[in-house]
There are 2 protein chains.
Amino acid sequence: MLKELLGKPRMSETARSSKGGKSVTLREVSEAAGLGMSTVSRVIRNHGSFSAETRMRVMEVVERLGYVPNRLAGALASSGSNLVGIVIPSLHNIVFPDLLSGVAAALDPVGYQSVIGVTDYDLAREEALIQSMLAWRPAAFLIVGLEHTDRTRSMLAASGIRTAELFDTDGEGIDIVVGFSQREAGAVSARHLLAKGYRSIGYVGPDFGTDPRSAKRYNGFRAVLSENGLDFVDQELLAGTSSTEAGRAALERLLARGWKLDAVYFSNDDFAMGGLFHCIASGIEVPSQLAIMGYNGLDIGRFAPQPLTTVLTPRAEVGEIGARLILDGSPSTVVETAFKLVEGATT
Amino acid sequence: MLKELLGKPRMSETARSSKGGKSVTLREVSEAAGLGMSTVSRVIRNHGSFSAETRMRVMEVVERLGYVPNRLAGALASSGSNLVGIVIPSLHNIVFPDLLSGVAAALDPVGYQSVIGVTDYDLAREEALIQSMLAWRPAAFLIVGLEHTDRTRSMLAASGIRTAELFDTDGEGIDIVVGFSQREAGAVSARHLLAKGYRSIGYVGPDFGTDPRSAKRYNGFRAVLSENGLDFVDQELLAGTSSTEAGRAALERLLARGWKLDAVYFSNDDFAMGGLFHCIASGIEVPSQLAIMGYNGLDIGRFAPQPLTTVLTPRAEVGEIGARLILDGSPSTVVETAFKLVEGATT
DNA sequence: TACCAAGTTGGCAGCGCTGCCAAATACGGC
DNA sequence: GCCGTATTTGGCAGCGCTGCCAACTTGGTA
């Protein structure tokens, strides 16, 4: 999209110093320190016993030689890495950066590192990513949702690597599951709109094949409508990334089709903000002429001139809890976290 | 922030199948196939020569035993991993997820994996992250900006690992540099506002210690003001994450101080959207009473009811070019990419 | 028929580190 | 001064794979 406005990159070459040679090894450190390799290794990992003086000596040499332990070798020898495989559908939905922050909060203090893969909501790609991550023998996997290919599931099971599935509790998990019911999140939204008296409700969201969680919210919402003898009056299903742009255009098309809607449920706040912008731009009074409801609790929605009614989800917490449980060696379990409907001024 | 609205997580324990045992090794595959290890290894890496029949036989056994090569061992033996260390300041500024997408576009097709670290704009943390990533002997590093601790610089140099520094060309790079002049981006913004006739300009941005690139834009902007015998009339420097909320509050404070401003330059679109929202909410006419200018070219700004004037930056491209150059073994170089001022309706 | 090049295959020594075990040393208590 | 226990240390065999080299097949060729 931006490609066209980039000039041809201008290059200016410079000389570059030679590629570095062999790096310092444990053996070299041990020789320089006049100690055995095992002793040096113990000091470096701060594991096992050694005298204060030995420690001193090792540290001094490590510093002087600029020794950097090789974890490839370490992990191979001890059969256990400190890498955690994280597989998410996208980085363009703020949910996932938030999730990663939570995960980092749990991982960093204990020295684990994240290997991140992005699936673009493609389960086959998820399978491929997990397979190649498996080659690094990560300490754990954090993945999103409960929908996976059979092969993904069996690879994970066969590997014996602990796995946390995040963000969704509507279904069967593999090992640890942390999240909340997406159906219920949809249902709560529906109840809110109904309680406010809206009856002609439209829907804007990604097409159903894409995001299973979105589809579950849709179903949860619709189930409540149905209990009340209603259904969505009309809907716009969108392919591609969630964006303000797409949401704005979708609402415009929806309204152009002429149904008399009094509210629209957007599957997330990016779309909803686009919808809200459309209303502001075309002079549609919100919520008196049209109510708007989103999902996620984005910062931008909450501090908009007219705060968006939405469902605030504990993204970072889900990530943090998931990471923590897995590293703590918790037994398989399902952790249900809360979410919260936040009433703004758009409903 | 969200903690208080989380209930105590509800746990429900379940039995879990035993942790997986030893995984299948190359040797086991070779024995099962009645071939030598080297041969099997060649087939699996598709490297070297072997007959079609051998290939068949190996594949069949691999499939049957569910063999997953151990890259720890592979990388150790061949001294070269396919991991790329990526170190970014934050995930909450859309710039960086965009960057990661670009990087992934270059890395995925060639089977490299990203190990990602987040510094929170802390150079000491950057140093620590790079040091621990070094232990995995990554194939390359992608880092942000030209400001690093001396130790970071010397570790990178000593390691001999190729490094691309992204997003900024105002300064001396270590190896490969891809980006554009942040000073110039600031200067262009200033020229735009001056050309539009604004003279009393305020600034809202992160405090200067935090984000060097932001500070460079500020300086570039100010240099142009100065050439015209002007300076910022007033400014609000913010600690913490860029957010709509912070931008909105900052503009409110700025205006409350009573200077007669006719424009405000925001160091990014998140802040700028907050500013715009404040104006809309308090009935300040934009741009006739107050002009607003941002930076980044966020989707949400471009599709706001009143599109934001901003500077569109080629985030994904910077990442993609950086990753590609590094993997292609390009010599040290500086690649200057374009950015573009996009005039919306807020100036 | 002998001989060579090209195509295949197997053997084996590491890559750098950790885990285990044995050896060396230190420290008390009688 | 001797012995048992606790603390420190070193040696060495792998972890699973790749790189190198030698060995073996082929199928032509002189």
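Because the structure is a prediction, the values reported are computed rather than measured. Below, chain A is the first sequence line, B the second, and so on; all start at residue 1.
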In residues 37-48 of chain A, which ones come under 4.0 Å of DNA chain C, going by heavy atoms?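 Per residue number, the list reads A:M37, A:S38, A:S41, A:R45.
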Taking the side chain as every heavy atom from C-beta outward, state whether B:V110 and B:N82 have any pair of such atoms under 4.5 Å apart.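 SC-SC contact between B:V110 and B:N82 ruled out.
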Residue pair B:R45, B:S41: steps toward the side-chain hydrogen bond (donor to acceptor under 3.5 Å, both in side chains) verdict: CA-CA 6 Å; B:R45 287 177 295 154; B:S41 171; 2.9 Å; yes
Determine: side-chain N/O of A:S78 to OP1/OP2 of D:dC15, distance under 4.0 Å, yes or no.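 A:S78 to D:dC15 OP1/OP2: no side-chain N or O under 4.0 Å.
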Decide whether [X] and [Y] meet the rule of one side-chain donor and one side-chain acceptor closer than 3.5 Å.
X: B:Q113; Y: A:S132; result: yes
X: B:S330; Y: B:R162; result: no
X: A:E127; Y: A:H148; result: no

Can you tell which of D:dC17, D:dT9, C:dC17 lies closest to the side chain of A:A73?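 Selected nucleotide: C:dC17.
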Can you tell which of D:dG16, D:dC15, D:dT9 lies closest to the side chain of B:N70?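 Taking heavy atoms from C-beta onward, the closest nucleotide is D:dG16.
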Using a 4.0 Å heavy-atom cut-off, does [X] contact any base of the nucleic acid, only the sugar-phosphate backbone, or nothing at all?
X: A:L35; value: sugar-phosphate
X: B:T54; value: sugar-phosphate
X: A:T25; value: sugar-phosphate
X: A:S49; value: base

[N] [atom2] sits how many Å from [X] [atom1], rounded?
X: B:F50; N: C:dT9; atom1: CZ; atom2: C1'; result: 12 Å
X: A:R71; N: C:dC17; atom1: CZ; atom2: C1'; result: 11 Å
X: B:L76; N: D:dC15; atom1: CG; atom2: C1'; result: 9 Å
X: B:E53; N: C:dG7; atom1: CD; atom2: P; result: 18 Å
X: B:E28; N: D:dG16; atom1: CD; atom2: P; result: 8 Å
X: A:R27; N: D:dG10; atom1: CZ; atom2: C1'; result: 12 Å
X: B:E31; N: C:dG11; atom1: CD; atom2: C1'; result: 14 Å

Apply side-chain hydrogen bond (donor to acceptor under 3.5 Å, both in side chains) to the pair A:D175 and A:S332, showing each step before the final yes or no. CA-CA 5 Å; A:D175 181 358; A:S332 292; 2.7 Å; yes
Is the count of non-hydrogen atoms from other residues, nucleotides or ligands lying under 6.0 Å from B:R27 atom CZ greater than 12?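 At most 12 heavy atoms, drawn from other residues, nucleotides or ligands, come within 6.0 Å of this atom.
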Find which nucleotide of DNA chain D each of A:G34 and B:V68 is nearest to by heavy atoms, and output the residue with the more 5' nucleotide.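 Per heavy-atom nearest nucleotide, the more 5' residue is A:G34.
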Nearest-nucleotide comparison on DNA chain C, the residue closer to the 5′ end among A:Y67 and B:R57: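 It is B:R57 whose nearest nucleotide is closer to the 5' end.
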